[in-house]
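Only one structure is covered here, and it is reproduced in the block below.
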Amino acid sequence: MDYNEWGTETYDRDDDRVGEDLQVRDRDDLDWNGLIGPDGRLDERRIVRRETLYRGMNGSEVERLYLDSGESCIWKPLTNDGQLGTEAWVYEHVLAALPPIYPRLLARSSPSAPGMSWTLFEDLGPLDHAFAEETALALMSQIARWHALPTDTLREAPLRGPKPAIRRMAADIQSRAEPLPGIPGDLVRQAAEMTRQPAWAEEVSNASVFSHGDLHLGNYAMTAEGIKVLDWEHAHLNHPYWDLYHVLDMSHPLFPKPVDAAIRGRALERYMAETARIGALALAPSFKRGYSRFAAVFSLWMLQLIDSDLRAGGGPWPLDRLRQQRREARTSFEQCAAACADMNEG
């Protein structure tokens, strides 16, 4: 998971292309097909060196390949068994309607050979995934653009998110009896009660946009060419808050970041301003309050998940990283739950 701000310039979106069967572009910049044999496997004779970037949930390794031509590329086999073919589908049917904020898809395996699923991407070089507010603000402008894409042709598409829907998270919170370590019980009760109110159901069900689905720090970075967004295999339709939460409040054991109310406020203002400028999505006057409610519930659900992982010995994550993740999730929950209370009083 390696990656100038596009700012507020205007880009022409070819909305009519969303959902079409678009061809993968630029796949012949090098002899990429020569790198892949007729059996769908890499020609090892072309590879001078391999560098593992990360390991997927199914154990498959995403690698940077250094080729005998002097070029390099990113080899990405299927990393999550539940997302077979999704990323290539999103590239070919959706992303061409956006500015080039993603690494180019150079080649992919045949859809008729699911047992040999892979994608080949351009190499953006080493990327810095440390949190920076200016990067997050640039990303807000781009999120507003892909949230503005038409979704009618995507409702029957093979898209699925990586986590349960927010309403399912709320149900999990309501059904949990035991307290969470270090979390004020009154805030937990307040969050649980909030999800039983009619306003909550209305806030989380009224909007459905095209969502990246997994915008943690490892999946975007600033480059000399602007913001780049990676790993689109979890793209699906969801509430606008889903992507915003992942950028601003989602904690991750491998990618720590500050949780800051002032940064959160400025980022939401950027998203709202860009959404208003584009004019394709109407946001309610209570959008920021709704975000605080959504984020409080999501962070509380994450705290339950992290607590379960810690009690199980950490699973795939080091315990010290999980504890750091818990601190971030707790701060997010407390800030957003308190913001809900302040807004209600106001």
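Note that the numbering runs from 1 along the sequence shown for the chain.
Note on ring orientation: taking the six-membered ring where Trp is involved, the planes of W301 and F298 are perpendicular (angle over 60°, cut-offs 30° and 60°).
A pairwise comparison of heavy atoms in P256 and L217 identifies O-CD1, 3.5 Å as the closest pair. In terms of heavy-atom proximity, P99 sits nearest to R145 at CG-CD, 4.3 Å. Considering all non-hydrogen atoms of both residues, S60 and L78 come closest at OG-O, 3.2 Å. The nearest pair of heavy atoms linking G182 to R330 is O-CD, 3.6 Å. When all heavy atoms of H129 and G218 are compared, the closest pair comes out as CE1-O, 3.3 Å. Of all heavy-atom pairs spanning M140 and Y271, the tightest one is O-CD1, 3.8 Å.
Taken from NE2 in H212 to CG in N238, the straight-line distance is 13.5 Å, to the nearest 0.5 Å. Separation of atoms CD1 (I173) and CZ (R189) is listed at 14.5 Å; rounding is to 0.5 Å. Here CD of Q83 is found 9.5 Å from NE2 of H236. Values are rounded to the nearest 0.5 Å. Between atom CG of residue D43 and atom CG of residue L35 there is a gap of 7.0 Å, rounded to the nearest 0.5 Å. Taking CG from L124 and CD1 from I74, the interatomic distance works out to 7.5 Å, rounded to the nearest 0.5 Å.
Contact of the M272 side chain with the K288 side chain is registered, since non-hydrogen atoms from C-beta on lie closer than 4.5 Å. A heavy-atom distance below 4.5 Å is not found between the side chains of I101 and L95. Contact check for V297 versus T195: side-chain heavy atoms found under the 4.5 Å cut-off. Between I227 and T135, some side-chain heavy-atom pair lies under the 4.5 Å cut-off. No side-chain heavy atom of P240 sits less than 4.5 Å from a side-chain heavy atom of I143.
Checked by atom type, the side-chain pair Y220/D231 shows no donor-acceptor distance below 3.5 Å. In summary, the side chains of R321 and Q324 do not present any donor paired with an acceptor at a separation below 3.5 Å, with no hydrogens or angles considered. A donor-acceptor pair shorter than 3.5 Å cannot be found between the side chains of T331 and R327. For the 3.5 Å distance criterion, the side chains of W232 and N219 fail to qualify, holding no donor opposite an acceptor. Of the N and O atoms on the side chains of Y245 and S299, at least one donor lies less than 3.5 Å from an acceptor on the other residue.
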For M302 and M250, run side chain to side chain contact (heavy atoms under 4.5 Å, CB included): C-alpha distance rounded to whole Å, both residues' side-chain angles, the deciding distance at 0.1 Å, then the answer.
CA-CA 8 Å; M302 285 296 299; M250 169 62 77; 3.8 Å; yes

Intermediate values then yes/no, salt bridge (Lys or Arg N to Asp or Glu O under 4.0 Å), R108 and E87
CA-CA 10 Å; R108 65 173 174 88; E87 188 165 26; over 6 Å; no

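Criterion: ILVMFWY side-chain heavy atoms under 4.5 Å apart, direct or through other members. Under it, I306 and L319 are part of a common hydrophobic cluster. Note: the hydrophobic cluster containing V247 also contains L281 (ILVMFWY, side chain heavy atoms under 4.5 Å, direct or indirect links).
Within a 6.0 Å sphere centred on CD of E156, other residues, nucleotides and ligands contribute 12 heavy atoms or fewer. Shown here is R160, whose CZ atom has no more than 12 heavy atoms of other residues, nucleotides or ligands within 6.0 Å.
Within the structure, ring-ring contact (aromatic ring centres under 6.0 Å, His included) contacts touching residues 60-80 (residues at least two apart or in different chains) are W75-W118.
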Listed pairs under 3.5 Å, donor-acceptor, residues 258-268 side chains, sequence neighbours left out:
residue	atom	partner	partner atom	Å
D260	OD1	A262	N	2.8
D260	OD1	I263	N	2.9
R264	NE	D249	OD1	3.3
R264	NE	D249	OD2	3.0
R264	NH1	Q335	OE1	3.1
R264	NH2	D249	OD1	2.7
R264	NH2	Q335	OE1	2.8
R266	NE	E133	OE2	2.6
R266	NH2	E133	OE1	3.2
R266	NH2	E133	OE2	3.4

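Centroid-to-centroid, the aromatic rings of Y241 and F287 come within less than 6.0 Å. Aromatic rings from F255 and F131 are positioned such that their centres are separated by 6.0 Å or more. The aromatic ring centroids of H252 and W317 lie less than 6.0 Å from each other.
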